[in-house]
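Read the structure below first, then the notes.
FYI, side chains are in, hydrogens and waters are out, and symmetry mates aren't considered; it's all heavy atoms of this structure. Convention: sequence-line order gives letters A, B, ...; per-chain numbering from 1.
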Amino acid sequence: MIRNFFEWVMGPMGRIAVLITALSLFSLTAFGIYQTQQPPDQPIEFTHKLHVGLGIQCLYCHPGALRGPSPGLPTQTKCWGCHQQMEKTFDPNFPELSEKLVGYIERNEPIPWVPVAQVPDFVHFTHRPHIAAGLNCENCHGDMTQVEIAENPQVLNMGWCLNCHRERAANDPEKLVKLTDCGTCHY
Amino acid sequence: MSENISRRDFLKLATVGAATTAVLTGCGPASRYIKREPYMEMPEYTYNGLSTYYATTCRECAAGCGLIVRTMQGRAIKVEGNSNNPVNLGKTCARGQATLHGLYNPDRVQGPLKRTRGTPFDLRTNVSVTWDEAVQVVADAINNNNPSEVAFLLGMAPDHLFDLVSDLANAIGAPAPIRYGALSMFEARATLIKASENLFGTAALPFFDIANSDLVLSFGANFLETWLSPVAYTRGFAKMRRGNPKRRGHFIQFESRISQTAAKADEWIPIRPGTESLVAAAIGRLVAEAKGGAVSEVFANVDLNEVLSSADIKLETLEHVAEMVGEAESAIVIPGGSALGLSNGLQTAETILTLNALADNFGKPGGVYLSPFLPNQDTYHRPASAQEMAEFIEKMKSGDVKVLFVHGVNPLFELPESLGFADALGSVQEVISFAVFPDETALASDYIFPDHHGLESWGYQRVATGTEQSVLSGAQPVVSPNYDTRATADVLLAASQALPFKDEMEFLQSKFASLVGQADDSFSAPEINTFTAYFQQHGGWWKKSSELVSPSATDTLGRNFAVEQAEFAGEGEFFFLPFVSPTLGEAGANKPWLQELPDPTTTVMWNTWVEMNPETAHELHIENDDVVKIISEAGEVEAPVYLYPAIRPDTIAMPFGQGHTAYGRYAAGRGANPAKLLGQHFNEAGDLAFAGMRVRIEKIEGKKQMLSRLESRIGVYNEGLEEH
Amino acid sequence: MTAASESLPHLEKGHAGPHEAHEDIRQYLMFDPKPRGEMNAMVMESMLTTSWKFWVVFGILAFLVATCFIYAWGYMIAEGLWVAGVMRPSYWGIFLVNTVFWIGISHAGTFISAILRVFKAEFRRPFTRAAELMTTFGLIQAGASIFMHLGRVWLAYWLFPIPNVRQLWPNFHSPLMWDLLAITTYILGSTMYLFLPLIPDLAMARDRSTGWRKTFYKILALGFRGTEGEWTHLHTAMNFFAFAIIPVMFSVHTIVSWDFAMAMRPGWSSTVFGPYFVLGALHSGMGAVAVVLFIMRVTMKHMDYFLRAEHFDALGKLMLIVSFAYSYFFFNDYIVQWYGGDRWTDTLLHWLEEGPMAWMFYQLIFLNIALPWLTLWNKKIRQTPWLLALIGLLINLGMYWERYLIVPVMLTINRMPFTWKLYEPRIEIFLTIGTFSLFLLFYLAASRLIPLIPVWEVQEGQMAHSLRKVGKTHLPSVSEVDLTMQ
Amino acid sequence: MGIDLNLVGAKGAIAEEAEGKWGMVIDQDLCTGCQACVAACAMENNLSFVGEEDAGYGRTQHWIRIERFWEGAYPEVKATAFQPMLCQQCGHAPCEPVCPVFATPHSPAQEINLQVYNRCVGTRYCANNCPYQVRSFNWRDYHLEPFHANNVDGQLVYPLHNQFNPDVTVRRRGVMEKCTFCIQRIHQAEDKAKSEGREVHDGEFTTACAQACPANAITFGRMDDHESLVSQLAHQDRGIKHLEELNTLPRITYLKEG
């Protein structure tokens, strides 16, 4: 029986079947991995590309990065501050604005954003020292002028953090000690 | 055939592929995406990821410690002491730390309820009402009844609600509100105040300046646990021990068991319960004799030999203590709850204060003062004594109370069962509870209109004792209310038009008015709104310098009264000593982390125990964890035994704080309540003679209950490792 | 199979010897040769004869494995370690007892097989296979037990040095790391060492079976045909492994002992723990071999031919010697610790002597020391298989107690008397039943799948043994097997 | 290259160099055993409570426990001084080398012992090897027990979780934990000091236990600053270190009674 199977596999049909099987397995895996890397659905299809392209500074909407651990999401009054002055906001051709944004504002409901750049809860990341060290937002978050809907930067892992820490502390042993200490991030 | 195989394989592979996808997706970053909602408008002083701190007052007991609560994004995270508040100077006790477990307790009353008395607490069977209806119920209760038949029962704290209810009662012509708390019973506060009235002519709580004394004699005063103002007295103790680099204060405790306080004493002298006044008088006599000159009559009348035999104490011990008192620069003697909660309690208190007079420490550093008079205080308020409660219960029973409002107190649990509060409730037509938690009394009420938790509410609290100056500790909400609760002050103000205030805040400001612009304040504010803002910011208002009053003691030593042994009620071979659990206090049982804290002396967690001397237990064939029934004339309870090496063989002791039948999932059905054993015996000052009971015990054969102890039975008691 | 049909000239001479000598000699396997074909058939038959009783036992064990091993472990993973009895201060419980116990059991296999092979102890021949299987199967249980004990077993791969994005490596300072490496080395080495001597027998089985078995053996036998070159290579490989695995075996249990000895605890921190553990392992392993041999002899066909009183006798002697050595180290450990007079060690010894687990301590002394000393000097006892097996079983019980005392009972006593608490096993009991069942299940499966008697080794031995005439008497003697003659 | 004083086990004068960065002094003459530190620690560090049965069986999660023993027999019985026992942050810690995955490394920057929860696989070797027995293991997800939850529209809601300190990881089952010297507060203070271009000064912050202690028995601060309060207290005659003979170089000094 096994022999028959082997013989079949060695034949032309078998080869095709093996090829198809391998291809489908490969593509399914690829699809699966691709699925995990998709940006999540956002309540409003907010495009960073457009806003950053208009010259709005990152820290205008995410000022917490200067001060503390979390950059924060802009309050809705901040969104509305600009958008209420724009005709486009109320243009029915832009339902993301005229329906969704206006809807949230009118209902006085918070917009349930889904942040994409996250670290696990056992990593105590603080923005302030990173900004203070002269890093720019795009060093970690990528070039947001090229990103429509926010995507996971896909780089936030420990090795990546450590590489940068090592690089930046290359000439300062004391700093290196501090920046590669487990307790700097994990507690 | 080959086609069949390949098709089937395809299906299988597809399944595998789908599963792989599911697994990978499940593990991938997508699975961790969460939603995050921004503020509509950023609240003032709030920054993303940074904490905001609010000053407020601890409501876990009536001491009035100042707190700073760390909040983050609208959640209270951590309680810290307010280092400016003179009561606690930045420190907190365990109960204060765990107050957040009250705030976020899963068993809180989440909205106004109408209920059938005695039914279990369950939101499905309790009918929710709206707050408008609730206010109407309260209004009807106040307005449709004869004011003399409306009664208010409040908690122990002298807070703004008490002032408001007093004013309200005054305005509508109802009897003044009654304040009660089990702590005041176990401290025998009424006795202490009565004694100071008898001796000094002022009904005020004495302030014992142990910080500056070099010898502390304490007769059962648990000032490191729950007594009066534990954080303040602990600070005093620390100063007494290490504050002066030249000397280390000496501390002697007279008590029938080693309590947490006695554990810190340099000497523990286990005298027989009921002989405290005799021992104090004997010490007085020896001291006076050593000093030379006249021995005051109180002391002279004591027969030393009789004291030695009745108090079970050696003459050398007495002489040694007397010698220390004689040599001390500033000796102080403190009367504690278990010494005063006896038939002769008032006598004991007076003897002990007289002993202080002999040590000549009135109004001197390291001596006895009177607590300062407090803002907004006309006469010296004190919580009701047990006798006053008994009278109130009689009034309830006679049907003279039609409506009873209960706030901040749980008399069904805290009062001895023999006083008959449960029966008396039956004669009250309408019981309205403002409880935060579904406690026993709330369940026996017709309505629960829950107040905010202390950390969600406004207010102030007078600090009765523990500080040198008058303090009004301030409270403000640190978080917005978690549930549909409403401030009781607001409910009462809305229900009754008798007081001219729009809301709680307006009432508070009316009380602040007299304080604006006073000299020597902790802050100076020109007008009321600034005052209110500073009051919140500082966590209260207080004077900067000491306002302690020296007792006007004229001829204290010349007074004469009989000093006798206390009488004990009931039959039985044991003296019964209930004490307030140092970790739980009277109302901590529903806070899981307090339950998890080991008792300082026995390290028992989550339960009640009976302390018994190992020798006695051995004679009675009782072992650790054997459940015994304790029977007094008033009732009986069952609890497992802890063989406690530091208790008199003729005494058994039990902590108060557990034994709830309600009060949430962490408290209900856990442990036993020693208050069930207490009979109706009062001392002359009206305090319950809670330490004056005799009990007998019965071993329940075959019943054991393992007590959860932090300590090792092997390492501490050599179980399984007998001495060789 | 050309060699199989050759006659054995030396033994022919033996047969021709005096009658008394003949009677005397025939009781030894090596002097009771059977033709190769017959012997092969006997082994095949023992493997293929399966009664319903086998399946009943197999079913029970499989059920126990499914419930007590797979389900119980899964439950513990799902629920967390609270279902076990571990707590402060006994953070390690029966899991580590089992680990040490199974590693101990696994030692005898290699000891018997490799050491006796290297030293050419002839009585080893019929039971090397059973012993080697014990090594592999025991190590599997040990590995499982150590993983059971992990709080987050799903992250166990972090213990292995796998390059990863976190740029983290395991800590090579940790005795547990050494342990892991040693056990991994040992399990790989011993499995190969099990497999090499198996090849000729698998080839034999291949030639004598049909159906799926044929395919099975065909794959496993790696095309072994018994040519001269193959035998030479096989012997070289076996020699190589026999020598190589001996230091590994000693190191493994020494390293296991270091898990304890390196720790800063009274009772554990003992320099003699290394050899003490090795001897303890051999002690329990020998006992386990006796039990396994007895069970084989009783339950499998034709085994009374291969496993004879002489083998039990020799094993009994070995057990006695090992128990002497064990006693030496036992007293060396305890007495030196006692003499040290350290406060905590004193308390610990006191705890062992008088504490609630004292019965275990006294049983340990009786079962591991007194029992073998009192019984094994007697040839009759040694030659009675069921008695030897019983003694082996009791020694194993004693050795289990020993590990139990070392792990949870000694953990009770530390330098903080406030924390002393006595451990109570909970789900560990089921998991222990599970590992024992799995071990036995493996044996049962193996008894149907591979020849438990290394036939070729027995045949080789019989070829090498002869009676030589010295003067007028015939004396048994052993000659090196001349491999080239085959 | 200097010698690693921790490794050579320096005593006496050179040992001062090895005293580390952060230190604590506990005055046993003042400690009243009131458990305020235990509660404060629990609230600050998201410790789980484990319930009656597990607590009695030796599974409490206290990072600090207060020990007391008895001396003598009635009536001359005496309770020994209350002894708060917490991680001693040893300079030469027995727990560190035994972890196979570096989950409990020594922090070179803070000179304390770390516990990296997310690295821990739960061998519990560190806890066995800790002579002070101050490590606690998460035997189960105590805080996720449905018993603590309210059922709100079919969903389990845990009101107590609102209290969790976001600066401290909430530990799941299977990992070891222990006192961290409130490292989150250390970081906060250092971060603040750095942003203001200065060193952290003595008394700027303290651990949760020291902050709560009503008797002021616990003092925390910089040991490498000889002017600091903690350093001054630690060098009093009354000071002892526990199990010093094991050469663990504990960072906590106990001041004896009397």
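Looking at Leu246(D), both its backbone and its side chain come within 4.5 Å of chain C, counting heavy atoms on both sides. Contact of Phe260(C) with chain D is made through the backbone alone, with heavy-atom distances under 4.5 Å. Contact of Ile66(D) with chain C is made through the backbone alone, with heavy-atom distances under 4.5 Å. Contact annotation for Leu422(C): only backbone heavy atoms (N, CA, C, O) come within less than 4.5 Å of a heavy atom of chain D. Only the side chain of Arg65(D) comes within less than 4.5 Å of a heavy atom in chain C; its backbone stays farther off. Both the backbone and the side chain of Asp259(C) come within contact range of chain D, each with at least one heavy atom under 4.5 Å from a heavy atom of that chain. Looking at Pro417(C), the atoms closer than 4.5 Å to chain D (heavy atoms on both sides) sit in the backbone and in the side chain alike. In this structure, the portion of Trp258(C) lying under 4.5 Å from any heavy atom of chain D is its backbone and not its side chain. With a 4.5 angstrom heavy-atom cutoff, Trp178(C) does not touch chain D via any of its atoms.
Counting heavy-atom pairs closer than 4.5 Å to chain D, the top residue among Glu79(C), Met262(C), His173(C), Glu424(C) is Glu424(C). Ranked by heavy-atom pairs shorter than 4.5 Å toward chain C, the options Ala103(D), Pro105(D), Cys120(D) are led by Cys120(D). Note on Gly122(D), Pro100(D), Gly58(D): by heavy-atom pairs under 4.5 Å with chain C, the leading option is Pro100(D). Top candidate by heavy-atom pairs under 4.5 Å with chain D, chosen from Ser174(C), Ala156(C), Gly80(C), is Ser174(C). In terms of heavy-atom pairs under 4.5 Å with chain D, the best-connected choice from Leu176(C), Leu168(C), Leu155(C), Leu96(C) is Leu176(C). If you tally non-hydrogen atom pairs under 4.5 Å between each of Arg140(D), His242(D), Gln83(D), Met176(D) and chain C, the highest count goes to Arg140(D).
Within a 6.0 Å radius of CH2 in Trp344(C), more than 12 heavy atoms belonging to other residues, nucleotides or ligands are found. Other residues, nucleotides and ligands contribute more than 12 heavy atoms inside 6.0 Å of the CZ atom of Phe147(D). Counting non-hydrogen atoms of neighbouring residues, nucleotides and ligands closer than 6.0 angstrom, the OH atom of Tyr71(C) reaches no more than 12 such neighbours. Within a 6.0 Å radius of OH in Tyr254(D), other residues, nucleotides and ligands contribute more than 12 heavy atoms. Under a cut-off of 6.0 angstrom, the local environment of CD in Glu53(D) is sparse, with at most 12 non-hydrogen atoms contributed by other residues, nucleotides or ligands.
Considering only heavy atoms from C-beta on, Leu150(C) comes within 4.5 Å of Thr123(D) through its side chain. At least one side-chain heavy atom of Arg88(C) sits under 4.5 Å from a side-chain heavy atom of Thr60(D).
The aromatic rings of Tyr91(C) and Trp139(D) sit parallel to each other, their planes meeting at less than 30°, with 60° as the upper class boundary.
Thr80(D) contributes atom OG1, which lies 9.0 Å from atom CZ of Phe418(C) (distance to the nearest 0.5 angstrom). To the nearest 0.5 Å, atom CZ of residue Arg343(C) and atom CD of residue Glu245(D) are 9.0 Å apart. The CG atom of Asn138(D) sits 10.0 Å away from atom CZ of Arg152(C), with the distance rounded to the nearest 0.5 Å. Between the CZ atom in Arg166(C) and the CZ atom in Phe102(D) there is a gap of 14.5 Å [rounded to 0.5 Å].
Near-neighbour residues of residues 125-137 of chain D relative to chain C, defined by a heavy atom under 4.5 Å from a heavy atom of that chain, comprise Tyr125(D), Ala127(D), Asn128(D), Asn129(D), Pro131(D), Tyr132(D), Gln133(D), Arg135(D), Ser136(D), Phe137(D).
Using a distance-only test at 3.5 Å, with no hydrogens or angles considered, a donor-acceptor pair links the side chain of Arg59(D) to the main chain of Trp82(C). Remark: side-chain polar atoms of Arg173(D) are paired, donor with acceptor, to backbone N or O of Ile77(C) under 3.5 angstrom.
What you find for Arg119(D) and Pro170(C) is that their closest heavy atoms are NH2-N, 4.5 Å.
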side-chain hydrogen bond (donor to acceptor under 3.5 Å, both in side chains) between Arg124(D) and His149(C): does it pass, once the steps are laid out?
CA-CA 9 Å; Arg124(D) 307 191 291 290; His149(C) 135 104; 3.2 Å; yes

